[in-house]
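Whatever order the structure lists ligands and atoms in, that order sets their numbers, starting from 1. Since we're looking at a predicted model, the values are computed, not measured.
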Amino acid sequence: MAAGTRTQIRSVEGFLALDSRANPTVGARVVLEGGAVGEAIVPSGASTGTHEAVERRDGGTEWNGKGVSGAIAAVGGELATMVVGMDATEQRLIDEAMIVADGTDDKHRIGANAMLAVSLATARAAAGALDVPLYRYLGGVGAHRLPVPMLNVINGGVHASNNLDIQEFLIIPHGAATFGEALRWGVEIYHRLRSELLAKGHSVAVGDEGGFAPDLGSHEEALELMVAAIEASGLVPGRDCSLGLDAAASEFWREGRYVMVGQGLELEADGLVEYMARLVDQFPIVSLEDAMAEEDWDGWSILTERLASRVQLVGDDIFVTNPGLLGKGIERGVANAILIKLNQIGTLTETLDVVDLATRSGYRSVISHRSGETEDTTIADLAVGLGTGQIKTGAPARSERAAKYNRLLAIERELGPGARYVDWTRAQR
Ligand SMILES: O=C(O)[C@@H](CO)OP(=O)(O)O
Ligand SMILES: [Mg+2]
C-alpha cells in the first residue's frame, strides 16, 4: 500500500473518559487505512484564563453540569465527516480545516476539547503509521533533550482547600546529570517534605496536582520547608535544586487589588511585585509564573522590569498559549517565558506555532499539564519533541502525573546515550 493511502484517515470516534477530579472529559480514536490507531484524551483546568479556547460542556444536571456528550458527538460527527479521507500526516491542513469549520475566535461552537482530541489522536495515528515514537514524529532527528521537571510539591489556591493563596510551590532539580537523576531527586525531596510536615504536625493530604496541601503560617514557611527538604536529601539548594512558584494571581485579583485572604494581605500591583521580589531575595527561586493577574498588563510590566534579569517569569493566564496574546507580550516586553497548554489553544499546530514564536523571540517555553489530568502522556512527547527543556506536570505521587514522568523515563531509556539533560538556569536556552 502506498504511504499516502496508508496514512489516510479511515474513521474517527469520540469517547468518554474521566479526569483526575472525577469529571468527564473527551477522547478521540483515529484509525488510518493502513490500520494504525491513535487515541488521545484531553485534560481540563481549574484556574483557567479568561481568554482560553472554550471547552464544550453540556450543562444541565448530568455529570454535575460538566457532561461532554456534545463534544463527543462532534468528534464522531461533524469532525469525523470533515477529516475522514484526509492524510493524517497533513496535521496543519487537518487543524486548519477544523478551525475554519468552527468559525469562532475561541472555538466555542465545536468545542476546543473536541478539536484537540481529534488533533492529537491524528498525530498519534500518523506517528504509529510511520512506526516512530510521537516525540520523534514531532521533533525529527533533533529530538533528544529531556525536560527539566517542575514538581509541584505544595498545593494551594483553587487546587486545594488550605490557607495558601499561592497555587503552586515547585521544586526544580535542574542540576542533575540526567532526567532520571532529576526525577529521583524530586521524589526524595517529596518524601522528605512529607516527613517534615508530619513531624511538625501538619496534614499530608494532597491537592489536585498531588502536592501536599497543609495549612501553614505563611508562604515563607512553605518555602522554608522545601529548602529544608532539599538539604535533608543531601542536595544544595540553588545549585542542584531550586524553587519555583505559580501564584495564579488572577484567582486573587479583586477589582484592581490583590487580596490574599489566607495570608491576610491586600496589595496593589507594585506591592505584590515587592512581595515577590522579597521571596526571590530570601529563597532560591528561579521561576515565577502568573505573579500578576491576566488583565493586569501594567502590573506585569512592573514585575518584568523588576525581576526579569533574575528569574524566569512565566505567563500562563496572560498568554493562554495564544500567539496573538504572546505577540502582545513580546511587543510590550512582558514576561520572558510562556506556559504551554495544548487545550488553552485547542490544536497541535497552533501550539507548535506559539512555541516557535516564543523561541524566535527569546522567550522560554514550559510544557504543562492541567490540574484535571488523565493517563494521556502527550505532553511528555511534546516536551522532548520540541526540546523546550522544561515541563510542569505535578507531584510524582498521583498516577495521572506519574504517567508523564514514567513516559519521560521510557523516552530517556529509548534515547540511550543520545539523551541530553540541560540545566536551563545556566544555559542561555
Ligand atoms: O495554573 C496552572 O498552571 C495549571 C496547571 O498547573 O492549573 P489549571 O490547569 O487549573 O489551570
Ligand atoms: Mg498557571
Verdict with reasoning, R306 to E274, per salt bridge (Lys or Arg N to Asp or Glu O under 4.0 Å)
CA-CA 9 Å; R306 183 86 158 82; E274 284 317 307; 2.8 Å; yes
Point-to-point distance, once rounded to the nearest 0.5 Å, from [atom1] of [X] to [atom2] of [Y]:
| X | Y | atom1 | atom2 | result |
| --- | --- | --- | --- | --- |
| I340 | T321 | CD1 | OG1 | 5.0 Å |
| L339 | H369 | CG | NE2 | 8.0 Å |
| L120 | D376 | CG | CG | 7.0 Å |
| R257 | L265 | CZ | CG | 11.0 Å |

F252 vs Y258 aromatic rings, parallel, tilted or perpendicular, using cut-offs 30° and 60°?
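Geometry flag for Y258 against F252: perpendicular rings.
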C241 and side-chain contact (heavy atoms from CB on, under 4.5 Å): which partner among I189, I172, V236, L151?
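The residue from I189, I172, V236, L151 that satisfies side-chain contact (heavy atoms from CB on, under 4.5 Å) with C241 turns out to be I189.
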With respect to the Mg ion (ligand 2), please indicate if D316 possesses an N, O or S atom at a distance under 2.8 Å.
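Yes - counting backbone and side chain alike, D316 has an N, O or S atom under 2.8 Å.
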Might you list the protein residues in contact with ligand 1, defined as having a heavy atom under 4.0 Å from one of its atoms, sorted by chain and number?
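For ligand 1, the contacting residues are G45, A46, S47, H159, Q167, E168, E209, D246, E289, D316, L339, K341, H369, R370, S371, K392.
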Kindly give the atom name of the N, O or S atom of D246 closest to the Mg ion (ligand 2).
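The atom in question is OD2.
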Determine which of the N, O or S atoms in E289 is closest to the Mg ion (ligand 2) and give its atom name.
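So the atom name we want here is OE2.
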